[in-house]
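Single-structure report; data block below.
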Amino acid sequence: MNGKLRDKVACVTGAASGIGRATALLLAREGAIVMATDIQADKGPGLIAEIEGTGGRGCFLAHDVAEEDQWRAVVAEIQARFGRLDILVNNAGVGYSGAVVDMSLELWRRQMAINVDGVFLGVKHALPLMRAHDGGGGGGGSIINVSSIAGIKASANVSGYNASKGAVRLFTKSIALECAAAKDGIRVNSVHPGIVETAIWDTLLGTTEDGSNGRPRTATLDAAVAGAIPLGHKGEAGDIAQGILWLASDDSRYVTGTELVIDGGRSIG
């Protein structure tokens with residue numbers, strides 16, 4: 001298969017839905033062999049069937065990104081099947097809302113475990129395999145950590161989410177400097193989506209996809225967008241996937257340690 005990522009091996013976490021699913025499908029269409037992972041194991045077969053149905057290559061593993069042993073197993077499986085890893089997309093994440101005085105320590109820690117620990121563990125365990133592949137140039141590759149505009153711009157009642165996504169932003173920059181100093185050819189960048197209709201909003205805003213609780217996700221997000229997004233509409237998962245593709249490909253070969261904001265202008269000012 002031809003494409004920007006022909007024969008590259010990519011791992012995408014949180015790939016069962018939303019931005020992760022759109023990313024896995026797009027990277028596969030661009031020629032990558034995709035190891036898709038998610039805690040929602042029941043959605044894996046459908047994703048792989050769609051990838052293969054369009055001529056792509058991929059496989060799926062059930063994976064809790066907050067568990068180090070599971071990261072070890074995922075990377076070992078990638079090494080056993082493909083012998084290399086070129087692209088890591090740390091996308092899995094959760095979000096909870098509420099005043100800080102009402103937030104339980106359990107929810108605070110859950111956000112940090114998935115949004116921050118999961119990214120840390122992914123980088124820690126993927127880097128050695130990425131560095132081991134010669135490829136004619138001694139390693140090389142791209143790590144893309146999915147943060148949020150909440151990692152740049154604060155909002156009330158999402159302090160835990162803000163803190164976790166801000167941590168991802170600065171962690172990304174630090175690892176970019178480590179990789180540059182190691183001269184391993186690995187670039188590390190973060191992506192910062194704005195309002196994009198995905199299931200994470202159901203916990204942040206108390207919505208449901210079908211509106212069964214009286215707060216339909218689409219209508220609620222459309223109302224939130226009104227007057228708040230300079231471009232006038234919410235984004236789609238595919239919009240974010242396109243940015244991830246650019247960072248994963250050689251088109252961005254001179255880009256590292258930066259944040260790619262994809263938010264329709266929401267964070268301006």
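A quick note: this is a predicted structure, and the numbers were derived from the prediction, not measured. Nothing fancy with the numbering, it's 1 onward along the sequence.
- For Ala92 against Gly14, the heavy-atom pair with the smallest separation is CB-N, 3.8 Å.
- Atom CH2 of residue Trp108 and atom OG of residue Ser159 lie 5.5 Å apart, to the nearest 0.5 angstrom.
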Run the side chain to side chain contact (heavy atoms under 4.5 Å, CB included) check on Glu77 and Val74 step by step: do they pass? CA-CA 5 Å; Glu77 184 71 13; Val74 166; 5.8 Å; no
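- Residues Arg29 and Leu27 fail the side-chain proximity criterion, which asks for heavy atoms closer than 4.5 Å.
- Tyr96 and Arg110 are linked by a side-chain donor-acceptor pair at a separation below 3.5 angstrom, with hydrogens and angles left out of the test.
- A donor-acceptor contact shorter than 3.5 Å is absent between the side chain of His192 and the backbone of Val261.
- Listed for the Lys165 side chain is no donor-acceptor partner under 3.5 Å among the backbone atoms of Asn115.
- Across every non-hydrogen atom of Arg131 and Ala182, the tightest pair is NH2-CB, 3.9 Å.
- Take Asn90 and apply the side-chain hydrogen bond (donor to acceptor under 3.5 Å, both in side chains) test, not counting sequence neighbours, and it matches Asn145.
- For the pair Ile144/Ile87, a side-chain contact is recorded, criterion being any heavy-atom separation below 4.5 Å from C-beta on.
- Residues Ile262 and Leu221 fall into different hydrophobic clusters, defined by Ile, Leu, Val, Met, Phe, Trp and Tyr side chains chained together at heavy-atom separations under 4.5 Å.
- In terms of modelled atom types and a separation under 3.5 Å, the side chain of Asp86 and the main chain of Val9 share a donor-acceptor contact.
- For Arg217, the salt bridge (charged side-chain N to carboxylate O under 4.0 Å, His left out) partners are Asp202, not counting sequence neighbours.
- Proximity of a side-chain donor or acceptor of Ser249 to a complementary backbone N or O of Trp246 within less than 3.5 Å is detected.
- Residues passing the salt bridge (charged side-chain N to carboxylate O under 4.0 Å, His left out) test with Lys4, sequence neighbours excluded: Asp251.
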Test side chain to side chain contact (heavy atoms under 4.5 Å, CB included) on Asp263 and Ile229; report intermediate values, then the result. CA-CA 8 Å; Asp263 70 346; Ile229 306 296; over 6 Å; no
What do the steps show when you test Phe60 against Thr37 for side chain to side chain contact (heavy atoms under 4.5 Å, CB included), and what is the final call? CA-CA 6 Å; Phe60 181 89; Thr37 81; 5.7 Å; no
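- Remark: Glu197 pairs with Lys234 by the salt bridge (charged side-chain N to carboxylate O under 4.0 Å, His left out) rule, at least two apart or across chains.
- With salt bridges taken as basic N to acidic carboxylate O contacts below 4.0 Å, none links Asp250 and Arg253.
- The hydrophobic cluster containing Phe120 also contains Ile114, counting ILVMFWY residues as joined when their side-chain heavy atoms lie under 4.5 angstrom apart, directly or transitively.
- Contact annotation: the side chain of Val188 never approaches that of Ser142 to less than 4.5 Å [non-hydrogen atoms, C-beta and beyond].
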Dump the intermediate steps for side chain to side chain contact (heavy atoms under 4.5 Å, CB included) on Ile186 and Ile143, then the final yes or no. CA-CA 7 Å; Ile186 297 171; Ile143 296 174; 4.1 Å; yes
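- Counting only heavy atoms from C-beta outward, the side chains of Met35 and Leu61 approach each other to under 4.5 Å.
- In this structure, CD on Gln40 lies 6.5 Å from CG on Asp42, to the nearest 0.5 angstrom.
- Smallest separation of non-hydrogen atoms from Val123 and Leu88: N-CD2, 4.0 Å.
- Both Val89 and Val191 belong to a common hydrophobic cluster when Ile, Leu, Val, Met, Phe, Trp and Tyr are linked at side-chain heavy-atom distances under 4.5 angstrom.
- Distance alone, capped at 3.5 Å, places no donor-acceptor pair between the Asn91 side chain and the Val12 backbone.
- Asn189 places a side-chain N or O within 3.5 Å of a backbone atom of Thr258 that can act as its donor or acceptor partner.
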Run the salt bridge (Lys or Arg N to Asp or Glu O under 4.0 Å) check on Lys8 and Glu30 step by step: do they pass? CA-CA 9 Å; Lys8 300 287 189 181; Glu30 289 293 334; over 6 Å; no
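- Cys179 contributes atom SG, which lies 8.0 Å from atom CE of Met130 (distance to the nearest 0.5 angstrom).
- A distance-only check finds a donor-acceptor pair linking the side chain of Gln70 to the backbone of Asp64 [under 3.5 Å].
- A salt bridge links Glu68 with Lys124: the distance from a Lys NZ or Arg NE/NH1/NH2 to an Asp or Glu carboxylate oxygen falls below 4.0 Å.
- Linking Ile, Leu, Val, Met, Phe, Trp and Tyr whenever their side-chain heavy atoms come within less than 4.5 Å puts Val255 and Leu5 in one cluster.
- Checked for salt-bridge contact, Arg57 and Asp7 meet the test: a charged N lies under 4.0 Å from a carboxylate O.
- Although no hydrogens or angles enter the test, the distance criterion places a donor-acceptor pair under 3.5 Å between the side chain of Asp38 and the main chain of Ala15.
- Between Ser252 and Arg187, the side chains place a donor N or O and an acceptor N or O closer than 3.5 Å (distance only, hydrogens not considered).
- Under the 4.5 Å side-chain criterion, counting only non-hydrogen atoms from C-beta, Pro193 is in contact with Ile19.
- Looking at every heavy atom in both residues, Met103 comes nearest to Leu107 through CG-CB, 4.4 Å.
- Contact of the Ile33 side chain with the Phe82 side chain is registered, since non-hydrogen atoms from C-beta on lie closer than 4.5 Å.
- To the nearest 0.5 Å, atoms CG (Leu247) and OG1 (Thr256) are separated by 9.5 Å.
- Nearest heavy-atom pair, Gly151 versus Ser147, reported as atom, atom and distance to 0.1 Å: CA-OG, 4.1 Å.
- Across every non-hydrogen atom of Ala36 and Leu47, the tightest pair is CB-CD2, 3.6 Å.
- In terms of hydrophobic clustering, with Ile, Leu, Val, Met, Phe, Trp and Tyr side chains grouped at heavy-atom distances under 4.5 Å, Leu260 and Val119 are assigned to different clusters.
- Scanning for side-chain hydrogen bond (donor to acceptor under 3.5 Å, both in side chains) contacts around Ser212 gives Asp210, with sequence neighbours left out.
- Using a 4.0 Å cut-off between charged side-chain N and carboxylate O, Glu50 and Arg21 make a salt bridge.
- Contacts of His63 classified as ring-ring contact (aromatic ring centres under 6.0 Å, His included), with partners at least two apart in sequence or in another chain: Trp71.
- With Ser97 contributing its side chain and Val158 its backbone, the two residues share no donor-acceptor pair below 3.5 Å.
- Ile152 contributes atom CD1, which lies 11.0 Å from atom CG of Asn162 (distance to the nearest 0.5 angstrom).
- Of the inter-residue distances, the one linking Ile195 atom CD1 with Asp222 atom CG reads 10.0 Å to the nearest 0.5 angstrom.
- In this structure, Glu209 places its CD atom where only 12 or fewer heavy-atom neighbours from other residues, nucleotides or ligands lie under 6.0 Å away.
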